Amino acid sequence: MKLLYHTRDRFPFSRVDLSCLFQDRLQGKGLDVSYVAKSDASNNKLLSIPKDVGFSSEAIYRIVLTLRNIQKYNAIQVRDMMFISFVLALISKMCHRKFFLWISWPFPEDDIQKFEYKRGTASLSKRIYYLLRGKIGRIITRANFFLSDVIFLQSHEMRRYFESNYNLDPKKVVVVPMGWILNSLKILTLSQVMIRCLVVFV
């Protein structure tokens, strides 16, 4: 399968699911992945977007790049971009391609909670903006769930929440917890741990 993967992370990637799972482990095992991401670089596996573009320009770049290249791919995947996901999902369906959605956090709920916990630290207009974005985000997320063929979530608790509150079809869900690349972990000695703790508390 040839997959076109949209992510808001900048290339080169640092997150484990991008740098290890999709970029290293699944390549060559029946999955051929190309990325759409912000980067100064460009290669045959990366459709780059200029780093300094704003939200609207970035969305246009993603739509145009998808339309120009969609015939080369069997599926489109989008990670953590709620609004552009909806547009790309519609494009996928119109072009008879599979659409995969990756969600690492319930962003609409986060926005709605900001309306309350930013009381006193943000202006009323800013808080209302978060509330409206969250409410609209819930509607769009439900539409994205309906249009998606496969939905990747990062925990079983998130799966249960979306199933209860968004009528998410559990047959579409694949839970992929965030992991660690073991050989990249830096092991600290006890003295190094104590020194770092002292620095934090002092």
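Only a predicted model underlies this, so the values are computations on that prediction, with no experimental measurement involved.
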According to a hydrophobic-cluster definition based on side-chain heavy atoms being under 4.5 Å apart (Ile, Leu, Val, Met, Phe, Trp, Tyr only), do [X] and [Y] belong together?
X      : Y      : value
Ile84  : Phe55  : no
Ile140 : Trp102 : no
Phe107 : Ile151 : no
Leu88  : Phe146 : no
Met94  : Val78  : yes

**Asked** For the side-chain contact (heavy atoms from CB on, under 4.5 Å) test, which of Leu46, Ile76, Leu47 pairs with Val36?
**Response**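 Checked Leu46, Ile76, Leu47 against Val36; only one passes side-chain contact (heavy atoms from CB on, under 4.5 Å): Leu47.
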Kindly compute the distance separating [atom1] ([X]) from [atom2] ([Y]), expressed to the nearest 0.5 Å.
X      : Y      : atom1 : atom2 : result
Phe86  : Ile139 : CZ    : CD1   : 11.0 Å
Arg127 : Leu132 : CZ    : CG    : 12.0 Å
Asp169 : Ser148 : CG    : OG    : 11.0 Å
Leu90  : Cys95  : CG    : SG    : 11.0 Å
Ile63  : Ile91  : CD1   : CD1   : 5.5 Å
Ile103 : Asp80  : CD1   : CG    : 7.5 Å

Are the side chains of [X] and [Y] in touch, meaning some heavy atoms are under 4.5 Å apart?
X      : Y      : result
Arg133 : Phe83  : yes
Arg62  : Ile49  : yes
Met82  : Thr141 : yes
Met81  : His6   : yes
Ile70  : Leu4   : no
Leu153 : Leu168 : yes
Lys2   : Ser34  : no
Ile112 : Leu131 : yes

* What's the verdict on side chain to side chain contact (heavy atoms under 4.5 Å, CB included) for Asp32 and Lys45, showing C-alpha distance, side-chain angles and the deciding distance? -> CA-CA 9 Å; Asp32 185 3; Lys45 294 296 182 185; 2.2 Å; yes
Would you say [atom1] of [X] has more than 12 non-hydrogen atoms from neighbouring residues, nucleotides or ligands within 6.0 angstrom?
X      : atom1 : answer
Tyr129 : OH    : no
Lys172 : NZ    : yes
Tyr117 : OH    : yes
Tyr161 : OH    : yes

| said: Run Gln71 and Arg97 through side chain to side chain contact (heavy atoms under 4.5 Å, CB included) and show every step you take. | reply: CA-CA 9 Å; Gln71 297 303 322; Arg97 296 297 188 270; 3.2 Å; yes
Less than 4.0 angstrom from a charged side-chain N to a carboxylate O is my criterion; do [X] and [Y] meet it?
X      : Y      : result
Glu109 : Arg138 : yes
Asp149 : Lys93  : yes
Arg160 : Glu163 : no

[X] and [Y]: which non-hydrogen atoms are nearest, and at how many Å?
X      : Y      : result
Ala75  : Met1   : CB-SD, 4.1 Å
Ser48  : Ser39  : CB-O, 3.7 Å
Pro106 : Met158 : CD-CE, 4.2 Å
Ser85  : Leu101 : OG-CD1, 3.6 Å
Phe99  : Leu147 : CB-O, 4.3 Å

Phe115 and Ile128: CA distance, side-chain angles, deciding distance, side chain to side chain contact (heavy atoms under 4.5 Å, CB included) verdict: CA-CA 7 Å; Phe115 177 76; Ile128 292 175; 4.3 Å; yes
**Donor-acceptor contact below 3.5 Å, side chain Lys114 vs main chain Lys126** =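 Judged by distance alone, no pair lies under 3.5 Å.
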*asked:* Assess the residue pair Trp105 and Gln154 against the criterion (side-chain hydrogen bond (donor to acceptor under 3.5 Å, both in side chains)); give the C-alpha distance rounded to whole Å, side-chain angles, the decisive distance to 0.1 Å, and a yes or no.
replied: CA-CA 8 Å; Trp105 186 255; Gln154 287 196 208; over 6 Å; no
Fill in: Set of ring pair (Phe, Tyr, Trp, His ring centres under 6.0 Å) partners for Phe162, sequence neighbours left out
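With sequence neighbours excluded, Phe162 shows a ring pair (Phe, Tyr, Trp, His ring centres under 6.0 Å) to Phe145, Tyr166, given in chain and number order.
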Q) side chain to side chain contact (heavy atoms under 4.5 Å, CB included) between Val53 and Lys38: does it pass, once the steps are laid out? A) CA-CA 9 Å; Val53 299; Lys38 287 187 174 183; 4.0 Å; yes
